[in-house]
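Quick note: residue numbers are just sequence positions, from 1.
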Amino acid sequence: MSDRPLRFQRLPRFALDSGEALSDVVQAYHLDGELNAERDNLVVVFHALTGSADAAEGWWSEVVGPGRAIDTGQYAVLCTNLLGSCYGTTYAGDEPGRPRPRITPRDQARLIHALVEELGVRSVALAVGGSLGGMVAMEWAASFPTLTRATVVLAAPAAHTAAAIGWNHLQRAAILQGGPGRGLELARMIAMMTYRTGAEFEQRFGRLRGEDGFEVASYLAHQGEKLVRRFTERSYLTLMDAMDAHDVGRGRGGTEPALRRVGGRLIGVGIPGDLLYTDVDVRAWVKLAGAEYRAIQSIHGHDAFLIELEQVSELLTDALSSATVATPLHT
């Protein structure tokens with residue numbers, strides 16, 4: 001994760017779907033590349049649960065950048081820090097001990113839209129995200145159905161599933177019962193068991209032992225320790241709540257009418273073997289939406305959208321090929 005300077009958008013007030021209103025909202029973002037004269041070459045990237053606004057030089061640097069699939073020589077690439085995260089986006093009262101607002105992916109999409117409007121963009125070439133970022137991408141498409149010419153949703157369901165809600169419940173319990181630091185460490189270890197697959201663990205670790213016991217246990221402990229050094233419990237809890245609240249059909253008559261009205265090309269990407277959001281979950285909403293289904297083949301499971309970057313790049317190159325003209329394409 002780089003430490004290059006962020007840009008900021010400031011809003012005095014932002015109303016949430018819950019009826020609450022946040023004040024003094026500061027939205028942190030990176031804008032890589034240049035907007036063209038027509039302001040129709042914008043790509044919007046949404047990060048996952050513990051990601052940041054730095055896709056181009058951070059977590060997706062092999063996908064975004066000069067000569068990459070999302071070429072910053074051709075496109076202006078916007079990536080914000082999602083509302084509720086701890087990497088630059090803030091609001092009044094966002095501090096330990098204060099009640100956490102009920103933020104949803106729909107809220108996160110609407111806040112980013114406010115920035116896109118401020119930038120003077122009326123047609124977006126591509127919107128893309130994975131996992132939580134995929135939920136935000138889906139909400140983006142449903143909330144602004146004629147704005148974006150191609151939307152790619154990686155490894156995300158139309159509504160948070162019972163199993164995923166259950167996994168989040170276990171992580172909350174770990175945070176609340178484990179105490180400061182240790183609780184978040186335990187939560188991350190639980191999460192890692194859903195982000196990867198048994199086959200990968202068997203291939204990488206098997207029954208190998210180190211000085212501290214089984215290698216797989218050491219790996220999980222290391223992942224937990226790393227997250228504690230870079231993230232906050234408050235943001236983790238807020239964003240897990242947002243994921244549980246995700247339901248693109250809420251208030252729209254269901255998933256089918258919510259997504260059938262999307263004017264641009266809509267692509268749902270599943271990962272066979274994903275334990276968190278199965279390819280069956282993805283195929284289900286793709287069928288209802290009349291969208292396109294694509295797959296990433298990987299032993300890594302859910303995290304494949306962050307690992308199988310050649311496959312991801314091919315998908316996005318294809319999506320952008322249909323988004324060269326600033327007129328929404330209909331599926």
Side-chain angles (χ1 to χ4, degrees), residues 16-20 22 46-52 59 81-87 89-91 93-109 111 129-136 138-139 155-198 201 216-217 219-248 250 274-278 281 301-303 306:
L16 301 175
D17 282 348
S18 66
E20 301 171 82
L22 304 180
F46 310 102
H47 68 72
L49 175 61
T50 65
S52 72
W59 54 273
N81 183 222
L82 293 178
L83 183 63
S85 184
C86 56
Y87 287 133
T89 294
T90 61
Y91 51 87
D94 183 14
E95 54 193 47
R98 296 288 295 272
R100 291 183 289 107
R102 292 169 291 170
I103 293 168
T104 69
R106 195 171 299 182
D107 293 322
Q108 293 164 331
L111 183 61
S131 197
L132 170 58
M135 299 175 204
V136 180
M138 192 181 297
E139 281 290 352
H160 219 218
T161 65
I165 292 169
W167 284 115
N168 278 355
H169 173 72
L170 292 176
Q171 292 181 71
R172 282 191 202 88
I175 289 171
L176 296 175
Q177 296 178 30
R182 179 58 176 168
L184 183 58
E185 184 179 332
L186 290 169
R188 182 64 163 183
M189 286 192 275
I190 292 169
M192 289 304 301
M193 292 300 297
T194 71
Y195 297 160
R196 302 302 180 91
T197 67
F201 284 139
V216 67
Y219 166 80
L220 293 172
H222 177 63
Q223 295 301 316
E225 291 163 3
K226 282 202 307 181
L227 187 68
V228 168
R229 291 195 295 268
R230 70 175 181 87
F231 216 71
T232 69
E233 291 178 0
R234 180 181 176 86
S235 284
Y236 201 83
L237 289 166
T238 299
L239 294 178
M240 280 199 301
D241 289 348
M243 295 167 80
D244 285 353
H246 172 60
D247 181 354
V248 75
R250 175 178 55 85
D274 187 342
L275 300 175
L276 188 56
Y277 309 124
T278 70
D281 297 326
H302 183 69
D303 270 357
L306 297 170

Would you say the side chain of W167 lies within less than 4.5 Å of the side chain of M243, judging by non-hydrogen atoms?
no
Counterpart residues, side chain to side chain contact (heavy atoms under 4.5 Å, CB included), relative to T90 (two or more places apart)
V26
Could you give the distance from NE2 (H246) to CD1 (I165), rounded to the nearest 0.5 Å?
10.5 Å
Would you say the side-chain atoms of D274 pair up with the backbone N or O of Y277, donor to acceptor, closer than 3.5 Å?
yes
Apply the test side-chain contact (heavy atoms from CB on, under 4.5 Å) to residues N81 and H47: give CA-CA distance (whole Å), side-chain angles for both, the deciding distance (0.1 Å), then the verdict.
CA-CA 8 Å; N81 183 222; H47 68 72; 3.3 Å; yes
Donor-acceptor contact below 3.5 Å, side chain T104 vs main chain A242
no
Polar contact flag, side-chain donor to acceptor under 3.5 angstrom, T194-H302:
no
Given side chains that start at C-beta, do those of T89 and L82 come closer than 4.5 Å, heavy atoms only?
no
Find out whether R230 and Y87 are in side-chain contact, i.e. whether some heavy atom of one side chain is under 4.5 Å from a heavy atom of the other.
yes
State which residues pass salt bridge (Lys or Arg N to Asp or Glu O under 4.0 Å) with D241; sequence neighbours excluded, sorted by chain then number.
R100, R172
About how many Å separate CG of L239 and SG of C86, when rounded to the nearest 0.5 Å?
8.0 Å
With a cut-off of 3.5 Å and sequence neighbours excluded, list every side-chain donor-acceptor pair involving residues 173-193.
unit_1, atom_1, unit_2, atom_2, d
R182, NH1, E185, OE2, 2.9

D281 versus P157, closest heavy-atom pair with distance:
CB-CB, 4.4 Å
Here the pair of heavy atoms bringing S235 nearest to S85 is OG-C, 3.3 Å
Considering only heavy atoms from C-beta outward, does the side chain of F46 approach that of E139 to under 4.5 Å?
no
Check the orientation of Y236 and F231. Use parallel for under 30°, tilted for 30 to 60°, and perpendicular for over 60°.
perpendicular
The reported gap from CG in L306 to OG in S131 (rounded to nearest 0.5 angstrom) is 8.5 Å
Quick one: closest heavy-atom pair of M138 and A156, and the distance?
CE-O, 4.2 Å
Supply the atom-to-atom distance D17 CG to Q108 CD, rounded to the nearest 0.5 angstrom.
10.5 Å
Is it true that a side-chain atom of R106 and a backbone atom of D247 form a donor plus acceptor pair closer than 3.5 Å?
yes
Short question: side chain of R234, backbone of E95 - any donor-acceptor pair under 3.5 Å?
yes
Taking the side chain as every heavy atom from C-beta outward, state whether L83 and L22 have any pair of such atoms under 4.5 Å apart.
yes
Does the side chain of P101 reach to within under 4.5 Å of the side chain of Y91, using non-hydrogen atoms?
yes
